[in-house]
Amino acid sequence: MSESGGAPLLEARGIVKSFGKVQALRGANFTVRPNEVVALVGDNGAGKSTLVKTLAGVHQADGGEVLFEGRPVTIGSPLDARALGIETVYQDLALAAELDPASNLFLGRELLRAGPLGRLGFLDKRAMRRQSDEAFERLSVAIQDVDAPVATMSGGQRQGIAVSRAVMWASKVVFMDEPTAALGVVQTRNVLDLIGRVKEQGLSVVLISHNMPEVLEVADRVEVLRLGERVAQFERGDVSMEEIVGAMTGALRRRDGR
């Protein structure tokens, strides 16, 4: 269960977002507590990805408000989200396939060497490799060849690299969008274990998933979106798969959705 009982860490209230005539979010609410794994679930078109991208600064909301640690904030860009300590692992992972793992962890945030060489733009590859190795070790991510380009690695290894990058830079929240999609059984098990280790680092994890058994295994709480609104909130141990699916489809009436 979640270890927090106090104020939410991140809270969306009444978020509205439209794309032309399509209203993706119709006053959606969402809550993330400190140091918990919360699953955000819903059928296709429920608004999950739109809500996450809004909270990550990719989309700008048309209405509503976002509170972070109890105070209103404006997340107008991914840089604003990063400044709050929020990182996102998207479904496509956003890795540079031709680069090695360390280069991917520091992509866009490269370390420069000290002194004149740094001023000339020379990278401190040794420091980046050392910090990357430490990040992989903390999360027990096994990289067989740290010099190999990411393109040569398995889906599970690539997912581990993407998650390690997010955890390296996040200080509060990591969003994970369908992290086990297209993975085999063993790789999926590794990713689910990895989610637990991310929480052990003191971070909150938002898991977007269609896989109900995985959700019930790793999530402390479940929030359900339907047609652009939150329609239910459940605590782990107090919900069945049938109830979650019922909320997703509308067969179960609203349960603490507001």
Side-chain angles (χ1 to χ4, degrees), residues 35 37 52-53 55-58 68 75-183 186-207:
N35 192 214
V37 178
V52 168
K53 288 181 178 180
L55 295 174
V58 176
F68 190 80
I75 306 179
S77 72
L79 290 178
D80 291 339
R82 288 180 178 180
L84 294 172
I86 300 170
E87 294 286 336
T88 304
V89 181
Y90 294 104
Q91 200 165 350
D92 64 4
L93 303 184
L95 296 175
E98 71 280 5
L99 298 181
D100 61 39
S103 297
N104 269 282
L105 259 65
F106 283 90
L107 193 63
R109 304 184 240 206
E110 292 82 1
L111 301 180
L112 298 177
R113 296 178 64 175
L117 291 178
R119 290 193 288 273
L120 291 173
F122 284 82
L123 301 180
D124 193 338
K125 294 185 178 180
R126 182 176 298 177
M128 290 190 291
R129 169 65 62 79
R130 182 181 67 254
Q131 292 184 33
S132 297
D133 289 345
E134 292 171 354
F136 294 140
E137 183 177 355
R138 282 195 301 272
L139 293 174
S140 299
V141 174
I143 305 297
Q144 295 177 343
D145 186 353
V146 295
D147 295 312
V150 166
T152 67
M153 298 182 180
S154 69
Q157 283 187 309
R158 290 196 294 268
Q159 187 68 255
I161 292 167
V163 173
S164 296
R165 179 176 62 188
V167 173
M168 171 178 276
W169 300 108
S171 60
K172 299 292 184 178
V173 183
V174 175
F175 286 97
M176 296 187 187
D177 190 358
E178 298 284 357
T180 62
L183 295 183
V186 174
Q187 293 175 335
T188 294
R189 178 71 264 161
N190 291 338
V191 171
L192 295 179
D193 292 342
L194 182 57
I195 291 172
R197 290 194 290 272
V198 173
K199 181 185 174 183
E200 290 173 359
Q201 301 293 314
L203 300 174
S204 297
V205 178
V206 178
L207 172 64

Looking at every heavy atom in both Val174 and Ala166, which two are closest together, and how far apart are they? CG1-CB, 4.0 Å

Return the OG to CG distance between Ser103 and Leu95, rounded to the nearest 0.5 Å. 11.5 Å

With a 4.5 Å heavy-atom cut-off, do Leu55 and Ile86 have their side chains touching? no

Tightest non-hydrogen contact, residues Met153 and Pro101, listed as CE-CG, 3.5 Å

Heavy-atom count around Glu137 CD within 6.0 Å, excluding the residue itself: above 12? no

Closest approach of Pro149 to Ala97 (non-hydrogen atoms, all atoms of both residues): CB-O, 3.6 Å

Does a side-chain heavy-atom distance below 4.5 Å link Leu203 with Val167? yes

Report the residues that fulfil side chain to side chain donor-acceptor pair (under 3.5 Å) with Arg129, sequence neighbours left out, ordered by chain and then residue number. Asp147

Does any part of the side chain of Asp100, heavy atoms only, come nearer than 4.5 Å to the side chain of Asn104, both counted from C-beta? no

Does the side chain of Leu99 reach to within under 4.5 Å of the side chain of Leu107, using non-hydrogen atoms? yes

In chain order, what residues pass the ring-ring contact (aromatic ring centres under 6.0 Å, His included) check against Phe106, with sequence neighbours excluded? Trp169

Could you pull out all residues at least two apart from Asp193 that satisfy side chain to side chain donor-acceptor pair (under 3.5 Å)? Arg189

Which value, rounded to the nearest 0.5 Å, describes the distance between Glu87 atom CD and Met168 atom CE? 11.0 Å

Pairwise distance CZ(Phe136) to CD1(Ile143) - rounded to 0.5 angstrom: 4.5 Å

Considering only heavy atoms from C-beta outward, does the side chain of Ile161 approach that of Leu105 to under 4.5 Å? yes

Please examine the side chains of Val198 and Met176, heavy atoms only from C-beta on, and report whether any two atoms are closer than 4.5 Å. yes

Gln201 side chain to Lys199 main-chain N or O, any donor-acceptor pair under 3.5 Å? no

If you define the side chain from C-beta out and look only at heavy atoms, does anything of Asn190 sit under 4.5 Å from Gln159? no

So does Tyr90 get a backbone contact from the side chain of Thr88, meaning a donor-acceptor N/O pair under 3.5 Å? no

Exactly one of Arg130, Lys125, Arg126 clears side chain to side chain contact (heavy atoms under 4.5 Å, CB included) with Met128, and that residue is Lys125

I need the Leu112 CG to Leu123 CG distance, nearest 0.5 Å. 6.0 Å

Would you say Arg197's side chain and Arg138's backbone share a donor-acceptor pair under 3.5 angstrom? no

Roughly how far, to the nearest 0.5 Å, is the OG1 atom of Thr152 from the CD atom of Gln144? 9.5 Å

Ala170 and Val173: which non-hydrogen atoms are nearest, and at how many Å? CB-O, 3.8 Å

Any chance you could measure Gln187, atom CD, to Arg158, atom CZ, to the nearest 0.5 Å? 8.5 Å

Hey, does Leu194 have a side-chain heavy atom less than 4.5 Å from the side chain of Leu139? yes

Indicate the atoms forming the closest heavy-atom contact of Ser204 with Asn35, along with that distance. OG-N, 2.8 Å

Correct closest heavy-atom pair for Ala162 and Leu93 would be CB-CD2, 3.9 Å

Side chain Thr180, main chain Leu183, donor-acceptor under 3.5 Å: no

